[in-house]
Amino acid sequence: MRVVTLLPMTAIPRKSASPNSFRLTEKFVLLLAFSAFITLCFGAIFFLPDSSKLLSGVLSHSSSVETDSRTGTDSVSSINRMGIDERKLFKIREDHEKVLREAIDRLQKQPDEIRRDITSEKEKVAGAGFRKRGTVNNLPVVEYLRPPGATGREPSDTDAAEKRAKIKEMMQFAWENYKRYAWGCNELRPVSKQGHSSNLFGSLQGATIVDSLDTLYIMEMYEEFEAAAEWVQTHLDFNVNAEVSVFEVNIRFVGGLLSAYYLSGKEVFRRKAVELGLKLLPAFQTPSGVPWALLNLSSGVGRNWPWASGGSSILAEYGTLHLEFVHLSKLSGKAVFAQKVMNIRKVLNRLDKPQGLYPNYLNPSSAQWGQHHVSVGGLGDSFYEYLLKAWLMSDKADEEGKRLYFDALQAIESNMIRKSRGGLTYIAEWKGGLLEHKMGHLTCFTGGMFALGADGAPSDRRERHVELAAEIARTCHESYARTHLKLGPEAFRFDGGVEAIATRQNEKYFILRPEVIETYMYLWRFTHDPKYRQWGWEVVQALDRHCKVEGGYSGVRDVYADHPSHDDVQQSFFLAETLKYLYLLFSEDDHLPLEHWVFNTEAHPLPVIRREHTPKLHPQQ
Ligand code: DMJ
């Protein structure tokens with residue numbers, strides 16, 4: 001807080017000039033002292049805690065006596081009994097005090113905070129109107145131009161074409177079963193053939209439909225796409241009393257709707273995406289502006305996961321909003337979305353990073369790190385992915401995103417990347433300076449990320465990033481190859497004499513995750529080394545053999561077991577990501593070409609925003 005210091009009178013330098021000029025100064029000082037005294041006296045009348053009584057005593061003695069002589073007086077009745085003059089004075093005093101209190105509060109805040117308060121007040125007003133209506137009617141007119149490569153063609157290689165057709169059949173099977181047994185629910189239970197809902201979406205419905213829209217379109221399943229679009233139009237409802245994960249709703253619902261819009265040009269998707277984006281804004285009402293993990297869509301009340309260190313928000317959650325929110329600003333004309341995610345960067349920029357690393361936990365109230373745990377897998381992963389993709393999606397204009405990405409990677413390389421005795425490169429978990437030699441399935445997406453970013457790396461590190469991408473792909477492939485079912489465990493270790501193997505029972509499951517295939521897809525695109533298609537095909541076969549059940553595809557509990565035990569969940573990301581990346585692995589490179597599209601972390605393609613098309617948004621919009 002800034003304090004204004006007043007010079008004491010004695011500090012006024014005395015002039016030892018002529019007696020005349022001395023007298024003049026003296027007169028001036030006396031005048032000043034006198035006026036200060038008068039001001040103080042008056043001020044005291046207005047601001048002393050008991051000033052109402054003092055005032056009434058001075059100005060209307062009789063009424064004061066009357067008031068005091070009654071029993072049980074409260075402030076309302078005493079105001080009612082005041083004369084007109086008193087009431088006016090009372091009102092003036094109240095207003096003064098209010099303004100003074102607000103001014104003091106304001107002075108105690110940083111300029112950034114003041115700005116945030118103003119924006120949040122504006123949003124409350126705008127949001128209240130929106131919450132009443134529940135729909136967005138005033139979207140600006142946007143000319144829809146289909147980005148290049150939205151649709152594909154038959155692969156020229158017949159083997160690839162056949163394999164791709166097989167993957168499309170898998171999608172048809174997964175989709176048909178969802179439609180038959182769980183239409184409108186979030187996910188399908190393929191063994192018990194019924195709907196499934198995790199706590200990520202509360203009572204929000206239709207995760208599989210929204211998550212699958214773009215896969216249906218990409219695979220040219222247009223009838224199914226139309227049915228899904230119809231459901232979105234008539235049933236997708238955000239006016240529900242649901243506590244949801246902001247991150248999951250953003251990557252699956254907002255991301256899914258945005259992609260569906262960019263691929264098809266259907267206005268309903270743009271409108272729904274913006275509606276949902278507005279619903280998510282109250283999550284940012286924290287002292288730092290770093291959003292809560294959980295938000296009640298109806299009340300706008302947010303909170304963090306109860307298990308998170310010291311009430312913290314999670315790096316991979318608040319750090320994985322950027323791509324979608326930038327597109328929301330573009331499509332709605334409202335700067336607020338982009339401002340929210342840019343503010344997260346500002347908060348992070350102000351913080352010291354241990355060894356240059358980003359801890360997984362950040363308290364949104366104090367804007368301080370929680371536990372110093374660092375991971376490029378669960379809790380951290382897509383934060384790094386979004387730094388890189390923010391730069392790529394901005395047509396390489398977002399230099400800050402690029403710098404943050406390569407700086408973060410430098411710290412990860414120095415502190416967390418290791419090579420096993422058997423020559424497998426892995427990324428360990430960092431806990432307060434100590435390494436846990438474990439790599440999660442989630443961490444396997446980094447092969448693709450290293451490959452995607454290599455071209456922009458500082459010239460002396462480019463080769464290393466290309467190498468790291470291939471080495472991580474190999475390690476993750478080993479984690480699959482060393483299991484009985486040829487599917488990868490949730491986490492694998494490099495200690496106690498094992499390499500790329502899960503040693504704990506609770507790390508042996510496979511829930512149809514996409515990260516390893518995602519990495520194969522990127523490496524295929526950049527190298528055309530046939531082993532990546534071959535490795536992808538191994539996964540297709542294992543999925544068909546061990547995960548396919550009568551009512552869809554299911555995860556398995558233990559990839560080392562002789563026979564699969566099914567977990568009875570067909571995750572929505574299986575349709576959104578796993579099958580989409582497999583399909584693209586066997587497609588031509590000009591289908592969703594990487595120079596025109598970036599995939600959000602749920603594999604929803606978003607077009608690069610060309611510099612010349614970057615909207616100039618007014619900060620108050
Ligand atoms: C997906 O929802 C996203 O890829 C997310 O970033 C992490 N995990 C799942 C799939 O494994």
Side-chain angles (χ1 to χ4, degrees), residues 174 186-187 196-201 204 206-215 244-259 293 305 313-325 358 360 375-390 427 439-449 452 472 476 479-480 487-492 507 509-522 539 543 547 553-556 559 567 569-582 584 598-606:
N186 283 324
E187 287 169 323
H196 166 71
S197 207
S198 72
N199 61 354
L200 301 174
F201 310 113
L204 190 59
T208 294
I209 298 180
V210 181
D211 230 3
S212 301
L213 282 164
D214 52 10
T215 308
V244 300
S245 153
V246 174
F247 159 76
E248 295 289 354
V249 165
N250 176 59
I251 65 169
R252 301 191 203 205
F253 282 81
V254 178
L257 291 165
L258 288 173
S259 278
W305 296 106
S313 302
I314 305 294
L315 182 68
E317 298 197 326
Y318 66 77
T320 310
L321 303 166
H322 198 103
L323 306 183
E324 296 81 1
F325 274 52
Y358 289 82
N360 296 334
S375 170
V376 196
L379 307 185
D381 50 8
S382 39
F383 162 70
Y384 307 97
E385 175 186 357
Y386 270 37
L387 291 178
L388 170 66
K389 291 181 176 174
I427 309 186
M439 182 161 169
H441 191 290
L442 291 167
T443 320
C444 287
F445 88 98
T446 52
M449 182 178 74
L452 184 63
I472 286 164
C476 293
S479 77
Y480 276 52
L487 294 165
E490 180 67 3
F492 42 94
E507 292 171 348
Y509 62 88
F510 170 73
I511 55 168
L512 308 170
R513 285 200 192 277
E515 291 76 18
V516 175
I517 293 156
E518 176 180 350
T519 278
Y520 296 162
M521 193 280 292
Y522 280 106
V539 182
L543 285 169
C547 298
Y553 287 91
S554 164
V556 295
V559 289
D567 68 8
V569 182
Q570 179 174 283
Q571 304 278 346
S572 79
F573 54 67
F574 179 64
L575 296 89
E577 298 192 72
T578 312
L579 292 175
K580 186 189 288 142
Y581 283 135
L582 276 171
L584 292 174
V598 293
F599 290 89
N600 90 338
T601 195
E602 187 78 0
H604 295 305
L606 301 171

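Start at 1 and go down the list; that is how both ligands and their atoms are numbered. Here, residue 1 is the first one in the sequence, and each next residue gets the next number. These numbers come from a predicted model, not from an experiment.
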Exercise: identify the closest heavy-atom pair between Ser245 and Trp305: CB-CZ2, 4.1 Å
Which protein N or O atoms sit under 3.5 Å from any N or O of ligand 1? Give atom names and distances.
unit_1, atom_1, unit_2, atom_2, d
ligand 1, 2 (O), Glu602, OE1, 2.6
ligand 1, 4 (O), Glu577, OE1, 3.3
ligand 1, 4 (O), Glu577, OE2, 3.0
ligand 1, 4 (O), Thr601, O, 2.7
ligand 1, 6 (O), Thr601, OG1, 2.8
ligand 1, 11 (O), Arg513, NH1, 2.7
ligand 1, 11 (O), Glu515, OE2, 2.6

Could you pull out every donor-acceptor pair under 3.5 Å between side chains of residues 376-384 and any protein atom, sequence neighbours left out?
unit_1, atom_1, unit_2, atom_2, d
Ser382, OG, Thr320, OG1, 2.9

Approximate separation, where rounding is to 0.5 Å, of Glu602 CD and Glu324 CD: 10.0 Å
Nearest heavy-atom neighbours spanning Tyr553 and Ala174: CD1-CB, 4.1 Å
Flag, side chain of Asn600 to backbone of His604, donor-acceptor distance under 3.5 Å: yes
Distance-only side-chain donor-acceptor flag, His441 / Tyr509, under 3.5 Å: no
